[in-house]
**Q** 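Starting off with a structure, shown below.
Hydrogens, waters and symmetry mates are skipped; everything else that's a heavy atom, side chains included, is used. Remember, it's 1-based here, ligands and their atoms both numbered in the order they're listed.
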Amino acid sequence: MSVTKRAVKLVQRCPRLAWYSDRVRLPLDETARWRMAMGNRIGDIARQRYPNGLLLPWKDGLEPTKAALASDVADALFEASFQVDDLVTRVDVLERIPGGWRLIEFKSGASVKAEYEQEAFFQTYVLERCGVPIQDVCIGFVNTGYCWPGGDEYDPNELLRVESVWEKRDKWLPKIEAAVRVAREAMFREDGPPRLLARKCFRPDDCDYLERCHPEATEGTIFHIPDIFWRDADALVEKGIVFAKDLPADVDQKESTRRTLAAMQSGVPDIDPALTRVLDMVKFPALFLDFETVGSALPLFPGTKPYENIQFQWSAHVLEAPDQPESEWKHIEYLPTDASDPRESFCSSLLPLLMNAASVVHYSPFEERQLGALNSAEIPGGKECHELLRAKQWDLMVAIKENVFHPGFKGKVSIKVTLPNLVEGFSYEGLTIKDGQAAQIAYLRMIDPETSPADAAQIRADLLAYCRLDTEAMVRIFQALRTAA
Ligand code: SF4
């Protein structure tokens, strides 16, 4: 057993999480695998900044690292391995500078973050214990100001920026020392640290081990109440109040929270009478619209920047009347068949639909933001599309959030949650692509020249099915709400 930078990071959230992560390996999902692959590509590009660098072996790298440190064969060492006692680490880049070494941790993020600094200073902590004189600590990150001119490669000095965080050394090292102590205590306990239910189990997202650790708390807890006051929630757990049904009536809550809570306690949905008037605001013909976009650390098309959102797909259902039967719904979609910049044809294909619609129904402000981005990027047709959407838009998610208090929402109003609760027999289960993140990865795979034509065709079919369900779901929810209101 060893203490790694990952353990030190996880222990900040929860000691038991660090313990689990070392003993119960969960399979990586597609998103995690893709993130790792992107991190590796950034690492490859970062090394190009150091022409006289030496890549050390990933496995059994301790002795080769010692030999390289003792010689002057290279100005920079890549993936150097270190171990002292139970502390182990590997460093992206060690650059030789006067008096010692500069440690550089490269990340695919777009700025210096505290979690990156923590990792870099954990490495510093280990290396200094190994007797390596560290004279500087830097974070390398993606430069979102870099406009890629196109070509076969990215300029490693333009794509990546390196910033020194050396002045934070005195602040970080005592924190690392304390975190290492907590990690050691957590990792080496046979039965693991205590399972303490608190907001850390649900924020920033549900803990991967929630079902294993607290099977009783995967739904119905006070943490599943929307717009909960999170600090109050931890205090309530300390008093033994874990489930929404046990919440005392005198706890101060917003009106919407109070109504959701009542629905959770009774098991009966509460639909505000105002919903009828809100639904009546949709004019027909109505366009139910959904977009898919991709943002990549490595610019995809000449003239674009890292993480610039590229709008690559839309799906639309057109209804001539609110209660039009399914057999008469019209479905139209756009997804390019080649790997060129899709944004101009995205706009030109969408524009006539926006012109003909009386209302444009979307779910969340996402679509408006995307057309705003196309407008700002001066993509032909972007301005017209943006203006039309702004004049005709109606947000189904807002209508639900303000008027539907459903026990099955569990504090969330994403369409993946609302669809199965409001429309019996429909959900995203069974689709190959189930969320926007997976759609981004699928698109990148589809346009990758190394993907076989057969695989690309299958991915295309999966993307079309996913985006189509988004707008079909909106229509079904809209009609179900009209019946229920
Ligand atoms: S569910 Fe909560 S207590 Fe259990 S490991 Fe996760 S964060 Fe820790």
**Q** Just which atoms of ligand 1 are under 4.0 Å from any heavy atom in Tyr20?
**A**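 Checking each atom against Tyr20, I get 5 (S).
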**Q** Measure from NZ or CZ of Lys175 to the centre of the six-membered ring of Trp172 and say whether it is under 6.0 Å with the direction within 45° of the ring axis.
**A**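 Satisfied, under 6.0 Å and within 45°.
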**Q** Is it true that the side chains of Glu105 and Gln123 contain a donor and an acceptor less than 3.5 Å apart?
**A**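 Yes, a side-chain donor-acceptor pair sits under 3.5 Å.
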**Q** Take Phe291 and Leu371, measure what side-chain contact (heavy atoms from CB on, under 4.5 Å) needs, and give me the verdict at the end.
**A** CA-CA 10 Å; Phe291 297 165; Leu371 291 182; 3.7 Å; yes
**Q** What residues form a salt bridge (Lys or Arg N to Asp or Glu O under 4.0 Å) with Glu115, not counting sequence neighbours?
**A**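 Checked Glu115 against salt bridge (Lys or Arg N to Asp or Glu O under 4.0 Å); matches are Lys9.
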**Q** Protein N, O or S atoms less than 2.8 Å from atom 2 (Fe) of ligand 1, ignoring waters?
**A**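 Only Cys201 SG fall inside 2.8 Å of atom 2 (Fe) of ligand 1.
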**Q** Compile the donor-acceptor pairs under 3.5 Å between side chains in residues 424-435 and protein atoms, sequence neighbours left out, one pair per line.
**A**
from	atom 1	to	atom 2	distance (Å)
Ser427	OG	Glu429	N	3.1
Tyr428	OH	Asp470	OD1	2.4
Lys434	NZ	Leu431	O	3.1
Asp435	OD1	Gln437	N	3.1
Asp435	OD1	Ala438	N	2.8

**Q** Please list, one pair per line, the donor and acceptor atoms closer than 3.5 Å that link side chains of residues 255-264 to other protein atoms, with sequence neighbours excluded.
**A**
from	atom 1	to	atom 2	distance (Å)
Glu255	OE1	Arg258	NE	3.3
Glu255	OE1	Arg258	NH2	3.2
Glu255	OE2	Arg258	NH2	3.0
Thr257	OG1	Pro226	O	3.3
Arg259	NE	Asp270	OD2	2.8
Arg259	NH1	Asp272	OD2	2.7
Arg259	NH2	Asp270	OD1	3.0
Arg259	NH2	Asp270	OD2	3.3
Arg259	NH2	Asp272	OD2	3.3
Thr260	OG1	Ser256	O	3.0

